[in-house]
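Start at 1 with the first residue, then count along the sequence.
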Amino acid sequence: MSFSNLVNDLSYRNRGDSNNTDRTVDTRQTRSQYSRAQSYVSTAATSVSISGDISSQLHGGYSHPLARAWQAERQLTKSMLIYPVFITDNPDEETSIPSLPNQKRIGLNRLVPFLTPLVAKGLKSVMLFGVPLHPSAKDTLGTAADDPQGPVISGIRLLRRAFPQLFITCDVCLCEYTSHGHCGILHEDGSLNNSLSVDRVSDVAIAYAQAGAHCVAPSDMNDGRIRAIKLKLIEAGIAHRIVLMSYSAKFSGCLYGPFRDAAGSIPSFGDRKCYQLPPGGRGLARRAIVRDIAEGADIIMVKPATQYLDIISDAKEIGKDLPIAAYHVSGEYAMIHAAAQAGVFDLKTMAFEATEGVLRAGASIVVSYFTPEFLDWLET
């Protein structure tokens with residue numbers, strides 16, 4: 001029955017019940033009939049559209065852009081972002097990385113001008129990666145990793161002077177400094193010597209901390225390196241002021257290609273599958289997270305990010321009282337750029353969707369190559 005027919009029907013019923021012989025309906029009666037009819041139609045429609053409890057009606061909760069933002073448990077902010085920066089031993093270098101759009105290798109003389117506009121826009125933290133280019137900079141022991149005149153330690157000191165409020169995180173690994181490109185010291189058969197590697201990596205971490213880094217982040221995945229670093233920080237008397245961020249769940253795979261182009265850290269033989277986690281190894285990741293928390297990690301990191309949202313969720317469950325970081329790695333970043341360039345989707349929209357998925361899974365820190373863009377996008 002249409003609304004107008006319903007009104008006429010109700011009017012007719014009222015006229016039939018009335019004792020008024022002239023059957024005159026005044027304006028107030030007409031309005032009342034319309035109101036009753038409207039209520040009847042509304043109730044009938046509601047009974048059809050709601051199949052369950054009234055709580056099934058959700059659209060009103062996110063009909064407005066601000067209301068949609070309120071639905072998020074975590075909203076992306078500038079303070080959540082860490083920007084990876086590649087520092088070379090060529091002081092005047094500023095070279096684009098073809099496989100990593102909009103990213104560069106930066107020499108020390110160019111570093112402050114490069115970061116100044118980003119800091120002005122609200123950049124809070126960087127993660128430094130050393131990229132030694134000189135032919136003599138690499139050997140089997142990664143000797144140059146903690147060179148006081150090397151790019152990372154020099155970069156730490158420079159940034160502490162130029163940007164006193166900038167939080168400086170340093171990736172700690174040997175792969176950029178070893179002639180073989182692996183993340184530690186090797187046995188004669190080419191396998192990883194875990195004991196020597198842990199000793200060496202922990203020494204590098206202490207050197208970065210003593211140079212002024214606020215946070216050291218070992219990414220080598222050698223067993224026991226978190227405990228070794230924590231003990232050396234305590235022995236050096238600086239454990240109270242250094243954040244120890246562990247790449248606890250770092251998975252092997254093909255998403256690191258652009259980074260290895262940028263850092264010059266492609267292994268000269270073999271791969272890293274025996275010390276980075278297998279992609280299907282959820283149980284191994286959980287065990288590694290539990291181990292690193294017990295060894296003294298202050299922050300747990302999962303890497304890569306978007307393909308391992310379940311691991312981020314696991315990390316948050318296991319480390320309820322710790323911040324969880326996720327590294328949106330070079331391959332993830334490059335794929336989004338490539339697909340956006342091909343017209344598959346809008347770059348900004350996808351960058352936000354990918355990052356919001358990481359936050360939803362449980363991360364509150366994101367290492368992202370999109371950081372410069374987010375500094376602009378989060379203003380609007």
Side-chain angles (χ1 to χ4, degrees), residues 62 65-86 97 99-103 115 118-119 121-127 129 166-167 169 171 215 217 219 245 247-251 253-259 262 285 299-317 319 322-342 344-380:
Y62 55 97
L66 183 58
R68 287 193 286 276
W70 288 342
Q71 296 296 336
E73 292 185 13
R74 294 180 186 84
Q75 295 183 39
L76 183 63
T77 65
K78 294 179 182 182
S79 62
M80 293 177 171
L81 297 166
I82 300 177
Y83 184 37
V85 178
F86 301 98
I97 304 160
S99 59
L100 202 54
N102 301 333
Q103 306 305 310
L115 290 178
L118 300 181
V119 171
K121 292 178 183 178
L123 177 66
K124 305 297 184 185
S125 179
V126 292
M127 178 176 283
F129 294 87
L166 186 66
F167 188 88
T169 300
D171 176 85
C215 173
S219 61
M245 179 190 296
Y247 287 70
S248 295
K250 180 179 179 181
F251 290 82
C254 59
L255 288 171
Y256 304 123
F259 171 88
I299 299 173
I300 297 299
M301 184 194 288
V302 177
K303 178 182 180 181
T306 50
Q307 263 105 328
Y308 295 94
L309 298 179
D310 58 328
I311 309 300
I312 297 172
S313 180
D314 286 349
K316 190 58 184 174
E317 172 201 336
L322 277 71
I324 305 301
Y327 197 143
H328 194 248
V329 301
S330 60
E332 297 171 274
Y333 171 82
M335 283 195 298
I336 291 176
H337 265 276
Q341 188 173 6
V344 175
F345 44 59
D346 175 68
L347 180 72
K348 176 181 176 180
T349 302
M350 190 63 223
F352 269 104
E353 285 188 19
T355 307
E356 287 164 354
V358 170
L359 299 182
R360 189 181 65 249
S364 55
I365 302 167
V366 184
V367 185
S368 176
Y369 298 99
F370 277 115
T371 295
E373 287 84 355
F374 280 134
L375 295 176
D376 288 326
W377 294 336
L378 289 170
E379 293 291 347
T380 58

Undergrad: Of all residues at least two apart in sequence or in a different chain, which pass the salt bridge (Lys or Arg N to Asp or Glu O under 4.0 Å) check with Glu353?
TA: none

Undergrad: Mind checking the OG1-CD1 spacing from Thr349 to Ile336? Nearest 0.5 Å is all I need.
TA: 11.0 Å

Undergrad: Taking only residues two or more places apart in sequence, or in another chain, which ones meet Ala338 in a side-chain contact (heavy atoms from CB on, under 4.5 Å)?
TA: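 Once residues adjacent in sequence are excluded, Ala338 has no partner under the side-chain contact (heavy atoms from CB on, under 4.5 Å) criterion.
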
Undergrad: Hey, does Thr169 have a side-chain heavy atom less than 4.5 Å from the side chain of Val126?
TA: no

Undergrad: Show the nearest heavy-atom pair for residues Leu309 and Val358, with the distance to one decimal.
TA: CD2-CA, 3.9 Å

Undergrad: Pairs under 3.5 angstrom only: tabulate donor-acceptor contacts from the side chains of residues 360-375 to other protein residues two or more places apart or in another chain.
TA:
from, atom 1, to, atom 2, distance (Å)
Ser368, OG, Phe370, N, 3.0
Tyr369, OH, Tyr327, OH, 2.9
Thr371, OG1, Ser368, O, 2.7

Undergrad: Just verifying a value: how many Å separate Gln71 CD and Tyr62 OH, rounded to the nearest 0.5 Å?
TA: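 With rounding to 0.5 Å, CD (Gln71) is 8.5 Å from OH (Tyr62).
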
Undergrad: Please report the interatomic distance CG(Asp171) to CE(Met245), rounded to the nearest 0.5 Å.
TA: 10.5 Å

Undergrad: How many angstroms lie between CE in Met335 and OG in Ser330, if you round to the nearest 0.5 Å?
TA: 9.5 Å

Undergrad: Using every non-hydrogen atom in the two residues, find where Ala326 and Ile312 come nearest and quote the distance to one decimal.
TA: CB-CD1, 3.8 Å

Undergrad: My understanding is that only residues two or more places apart in sequence, or in another chain, count here; which of them pass side-chain contact (heavy atoms from CB on, under 4.5 Å) with Ser99?
TA: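 Ser99 satisfies side-chain contact (heavy atoms from CB on, under 4.5 Å) with Ile97, Pro258, Asp261 only.
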
Undergrad: Any salt bridge (charged side-chain N to carboxylate O under 4.0 Å, His left out) involving residues 71-85? Give me the pairs, sequence neighbours left out, ordered by first then second residue.
TA: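 Applying salt bridge (charged side-chain N to carboxylate O under 4.0 Å, His left out) to every pair that reaches into residues 71-85, excluding sequence neighbours, yields Lys78-Glu379.
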
Undergrad: Do you know which two heavy atoms are closest between Asn102 and His337, and how far apart they sit?
TA: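 Taking Asn102 first and His337 second, the nearest heavy atoms are ND2-CE1, 3.5 Å.
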
Undergrad: List the residues meeting side chain to side chain donor-acceptor pair (under 3.5 Å) with Ser125, not counting sequence neighbours, and say none if there are none.
TA: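 In terms of side chain to side chain donor-acceptor pair (under 3.5 Å), with neighbours along the sequence ignored, Ser125 is linked to no residue.
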
Undergrad: Run the side-chain donor-acceptor check on residues 79-86: report pairs under 3.5 Å with partners two or more places apart or on a different chain.
TA:
from, atom 1, to, atom 2, distance (Å)
Ser79, OG, Thr77, OG1, 3.1
Tyr83, OH, Gln103, OE1, 2.8

Undergrad: Going by the rule salt bridge (Lys or Arg N to Asp or Glu O under 4.0 Å), which residues pair with Asp346 if we only count those two or more places apart in sequence or in a different chain?
TA: none

Undergrad: Could you state the interatomic distance from CD1 (Ile324) to CG (Leu359), rounded to the nearest 0.5 Å?
TA: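 Going from the CD1 atom of Ile324 to the CG atom of Leu359 covers 12.5 Å.
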
Undergrad: In Å and rounded to the nearest 0.5 Å, what is the CD1 to CD1 distance from Ile311 to Ile300?
TA: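 So the CD1 of Ile311 and the CD1 of Ile300 are separated by 13.0 Å.
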
Undergrad: I'd like to check the side-chain contact (heavy atoms from CB on, under 4.5 Å) partners of Pro304; sequence neighbours left out, ordered by chain and number.
TA: Phe251, Leu255, Tyr256, Tyr308, Val329, Glu332

